[in-house]
Every structure is written in C-alpha cells, then in structure tokens.
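Got a structure here, written out as structure tokens. Questions coming.
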Protein chains: 2
Amino acid sequence: MTEIEKTLDNKSVRPTAMRILIYKFMAGKQNAVALTDIENAFEKAERTTLYRTLKTFEEKGIVHQIDDGTNISKFALCEPGCNCEIDQDLHLHFHCSQCDKTVCLTEHKIPHINLPAGYIAEDANLVIKGICDSCSDH
Amino acid sequence: MTEIEKTLDNKSVRPTAMRILIYKFMAGKQNAVALTDIENAFEKAERTTLYRTLKTFEEKGIVHQIDDGTNISKFALCEPGCNCEIDQDLHLHFHCSQCDKTVCLTEHKIPHINLPAGYIAEDANLVIKGICDSCSDH
DNA sequence: AGAGATCGTGCAACAGAAGTGCATTTAATG
DNA sequence: CATTAAATGCACTTCTGTTGCACGATCTCT
C-alpha cells in the first residue's frame, strides 16, 4: 500500500486507480487546478468521473474548493493540518492575472472582521489578485 | 434632466430609457443583483442589452462587479465616494446563505495583507458568508 | 467461493451563465 | 436633412456544472 493509498484510506475513500492518478496529479502541482485542467491532463478520463471524484475528495476533506473570482472552481489538496471540512481553514488565496494560476497561501489566515449587528459569519473567502512570484521578474 | 440622467451623463454614459430603468432598479435594491434578476424584473428586456449595459456601467465606474462565490456575477451601484475603477474601493461583501442575497459592507475595508516576497497585489476580494441581519431573528 | 449489495465509472443529455456577430433601430452632430 | 456613431434585439455558440441511467468492479457475509 502506497502513501497515497493510505491517505485516501484514512479519509474513507476507496483508493481506485483513477483516484490515485488524480491525487498524484494534484500533488504534483503547486497551484490549484480546475476540472478542465485535469480533464486535459488525462485524455482518457471522463469529465463526470473527475467531477464526482473531486466532490468526493472535497466531502472527505482531501481537497478544498477555491473560488478565485474567475468563475471557474478550482481545487487544491488540503495541507496535513487543514481541517477545512470541520471549522474552515481560512487561509487566503492568490490569483495571478498573468499566468492565471491560483495558489494557496496557507500561512496567511484571513484576519477577523467585525461585522455590523445582526450579521453572523460562518465562512469567509479572501482572494488577492495580482502578479505571482513566478511572473514578477523575481 | 433627472438626477439619474445627470449621474449617467457625468460618467459619459448616454442616458437611454433602458439604462435609466436599470439604474433605478438597482438603486431600489439594497442587495447586489445578478443579470438574471434584472432579466426577470423586466420581462420585455433582452439579456444581451442588460449584459452590455452592465458592462458599460462597470467600465464607467457606475457599478462594480461582485463575485460572491456563487459563480454568478452580481452587480451593485457604486457609492458616491467609490473609485473602484481607479484604485479599487476594497470594501468587503457579505453573502447570506439563507436568502442568497449579497450586500456591500462599504464601511468595512479589506485589511492590508503582507504577501510573501515576489507577490504583487493589485486587487482583493473578500466575501464573508453567513446569515444576514434580515435572516437572523434580529 | 458464490450471491447480493454497494460503490465507481462511462455515456448521454441538460441547465444556466457568459459571450459574440450581425442586422436594425435610435440618437447625436454637422 | 444626411451622415455617423451608439444602442438594442435576435440568433447562436461555448463552457462549466450537473443529473440520470446502465454497466462493471469491488466489498461483505455466509
């Protein structure tokens, strides 16, 4: 049993061939991926399978969904300590307007916001847009 | 010349009947509106016209586009002091998961975030999700 | 190992939002 | 009034997300 199989098993997700491939693909990427990205990476795969796999991964806390403002849902593997299915790991995300990649800034948490009376916060999403370190001549 | 016509004129937008109607509709709403909302409000209107009107309004700084995480673009009139077309009026938005409405919290600005080296911020989007003051028994 | 239930995958199809191209109408200008 | 530019309406396309159904694979329990 490989590391990946163990990881999936720990999260009560049956480690099928497809799932392992998708996990590997995401682990190899520094940035968040869209459904279409995975679809293009595996010519043979069905979009539905990928779609449902990502849904499953999300439910089981293996990946988290990211809304980076492009109106295309992206996904990224959760970090070891990420409890996003329980009490929201509110790190922020950065979207590069040049290379169109979105990355997790897991060290940067969303600061607490004081809301007006009557508003109850349950979740938060903060996306910074600009130029990432690969695209700035750095 | 009405107030609205003056407003549009000041922003170099020709005050046509349709545009005035759309402006009025948005001014009468406390929450941000989606293209479909306007479409439903005016049975006679073409979606394309509304679509392009909103684009025009956005370019001219009359409305700002809001991405509230629902994957449906919403729009809200800019406040008098809102210079969102120039240097981003970075107020935050609140999306109510119960009534599905999105409102601008113009008094609440997005706090400054220190990014890792090499990252250049140009824009930011912060959406708080939860229960709004109308939906909490307030 | 075999029977039955459950889960995963593939195929087809649909819904909704976003966006484009072109023709026609409406408005501004000389 | 004639010319030009802008606004609108209609048709159509694309893309993402989503669901239903059938088939195949896998697990469980005796």
Side-chain angles (χ1 to χ4, degrees), chain A residues 1 4-5 7-25 32-60 62-76 95 100 102, chain B residues 1-2 4-25 32-60 62-76 95 100 102:
Chain A
M1 213 178 193
I4 294 180
E5 286 178 82
T7 306
L8 296 183
D9 217 62
N10 281 340
K11 302 278 189 173
S12 316
V13 171
R14 291 219 313 240
T16 66
M18 203 66 228
R19 288 171 174 175
I20 294 171
L21 280 175
I22 294 173
Y23 192 100
K24 267 188 197 164
F25 176 74
V33 296
L35 184 61
T36 309
D37 296 333
I38 309 180
E39 200 183 353
N40 293 337
F42 303 98
E43 295 269 324
K44 293 282 294 174
E46 270 311 298
R47 222 177 62 249
T48 314
T49 304
L50 303 177
Y51 172 75
R52 289 198 255 236
T53 300
L54 287 174
K55 282 280 181 203
T56 306
F57 278 11
E58 193 195 0
E59 275 166 26
K60 299 305 172 71
I62 297 170
V63 304
H64 59 276
Q65 188 169 0
I66 302 167
D67 167 38
D68 61 5
T70 58
N71 276 355
I72 298 171
S73 291
K74 306 245 168 73
F75 297 85
H95 177 245
D100 196 43
T102 300
Chain B
M1 210 177 192
T2 69
I4 293 179
E5 287 178 83
K6 273 186 218 159
T7 308
L8 296 182
D9 217 62
N10 280 341
K11 301 277 190 176
S12 317
V13 172
R14 291 218 315 238
T16 66
M18 202 65 231
R19 287 172 175 175
I20 294 170
L21 280 175
I22 295 174
Y23 191 99
K24 267 189 197 161
F25 176 74
V33 297
L35 184 60
T36 309
D37 297 333
I38 310 181
E39 200 183 352
N40 293 338
F42 304 99
E43 295 269 325
K44 294 281 297 174
E46 270 310 299
R47 222 179 59 250
T48 314
T49 304
L50 304 177
Y51 173 74
R52 288 196 255 235
T53 299
L54 286 174
K55 282 280 181 203
T56 306
F57 278 11
E58 195 196 359
E59 276 166 25
K60 298 305 172 70
I62 296 170
V63 304
H64 59 275
Q65 187 169 0
I66 302 167
D67 167 39
D68 62 5
T70 59
N71 275 354
I72 298 172
S73 290
K74 306 244 168 71
F75 298 86
H95 177 244
D100 197 43
T102 300

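Quick note on labels: first sequence line is chain A, next is B, and so on, each numbered from 1. When reading the values below, keep in mind they use all heavy atoms of this one structure, side chains included, and skip hydrogens, waters and symmetry mates.
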If you look at every strand shown and take non-hydrogen atoms under 4.0 Å, does A/Thr56 touch a base, only sugar-phosphate, or nothing?
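It contacts nothing in the nucleic acid.
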Between D/dT8, C/dG10, D/dG17, which nucleotide has the shortest distance from any of its atoms to the side chain of A/Glu46?
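Nearest to the side-chain atoms of A/Glu46, counting from C-beta on, is C/dG10.
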Select from B/Ala17 and B/Arg47 the residue whose nearest nucleotide in DNA chain D is closer to the 5' end of that strand.
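Looking at the nearest nucleotide for each, B/Ala17 comes out on the 5' side.
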Side chain of B/Arg52, base of D/dG9: donor and acceptor closer than 3.5 Å?
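Side chain to base: pair present.
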Distance in Å, A/Asp68 CG paired with A/Asp100 CG, rounded so as to fall on 0.5 Å steps
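A/Asp68 atom CG to A/Asp100 atom CG measures 7.5 Å (nearest 0.5 Å).
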A/Tyr51 side chain N/O closer than 4.0 Å to the phosphate oxygens (OP1, OP2) of D/dG17?
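Looking at the OP1 and OP2 atoms of D/dG17, neither is under 4.0 Å from any side-chain N or O of A/Tyr51.
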I want to verify a distance call: between C/dG19, D/dA6, D/dG9, whose nearest atom is closest to the B/Thr49 side chain?
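Output: D/dG9.
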Under a 4.5 Å cut-off applied to non-hydrogen side-chain atoms, are A/Leu54 and A/Ile38 in contact?
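Of all side-chain heavy-atom pairs linking A/Ile38 with A/Leu54, at least one is under 4.5 Å.
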Between C1' on C/dT9 and CG on A/Leu21, what's the gap in Å once rounded to a whole number?
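Roughly 14 Å, once rounded to whole Å.
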Expressed as a whole number of angstroms, how long is the span from A/Asn40:CG to D/dC15:C1'?
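Whole-Å distance recorded here is 12 Å.
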Could you check if a side-chain atom of A/Thr53 sits within less than 4.5 angstrom of a side-chain atom of A/Phe57, using non-hydrogen atoms only?
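Contact flag for A/Thr53/A/Phe57 side chains = yes.
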Rounded to the nearest angstrom, tell me the gap between atom CD in B/Glu39 and atom C1' in C/dG16.
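Atom CD in B/Glu39 sits about 11 Å away from atom C1' in C/dG16.
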Would you mind telling me which of D/dA7, D/dG17, D/dC27 lies closest to the side-chain atoms of A/Arg14?
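The nucleotide sitting nearest to the side chain is D/dC27.
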Distance below 4.0 Å between B/Thr16 side-chain N/O and C/dA27 OP1 or OP2:
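So the side chain of B/Thr16 is outside the cut-off, no N or O lying under 4.0 Å from OP1 or OP2 of C/dA27.
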Please give, in whole Å, the distance from D/dT14 P to A/Ile72 CD1?
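Going from CD1 in A/Ile72 over to P in D/dT14 covers 17 Å.
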Say you draw a straight line from CZ of B/Arg47 to OG1 of B/Thr36; how long is it, rounded to the nearest 0.5 Å?
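If I round to the nearest 0.5 Å, the distance is 7.5 Å.
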What's A/Lys55 touching, base or sugar-phosphate or nothing? Going by heavy atoms closer than 4.0 Å.
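Sugar-phosphate contact only.
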Grab the OH-P distance between B/Tyr23 and D/dA7 for me, whole Å please.
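In whole Å, D/dA7 P and B/Tyr23 OH are 17 Å from each other.
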Nearest non-hydrogen partners of A/Lys11 and A/Lys60, listed with the distance
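Heavy-atom minimum between the residues: CD-O, 3.4 Å.
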Between the side-chain atoms of B/Thr48 and the base atoms of D/dC10, is any donor-acceptor pair under 3.5 Å?
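Per atom types, the contact qualifies.
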Length of the line joining A/Ile66:CD1 and D/dT16:P, which is rounded to integer Å
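The answer, rounded to whole Å, is 17 Å.
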Report the distance from atom CE of A/Met18 to atom P of D/dG24, rounded to the nearest whole Å.
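Answer to the nearest Å: 19 Å.
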In whole angstrom, give the distance that lies between atom CD of B/Glu59 and atom C1' of C/dG19.
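That distance rounds to 14 Å.
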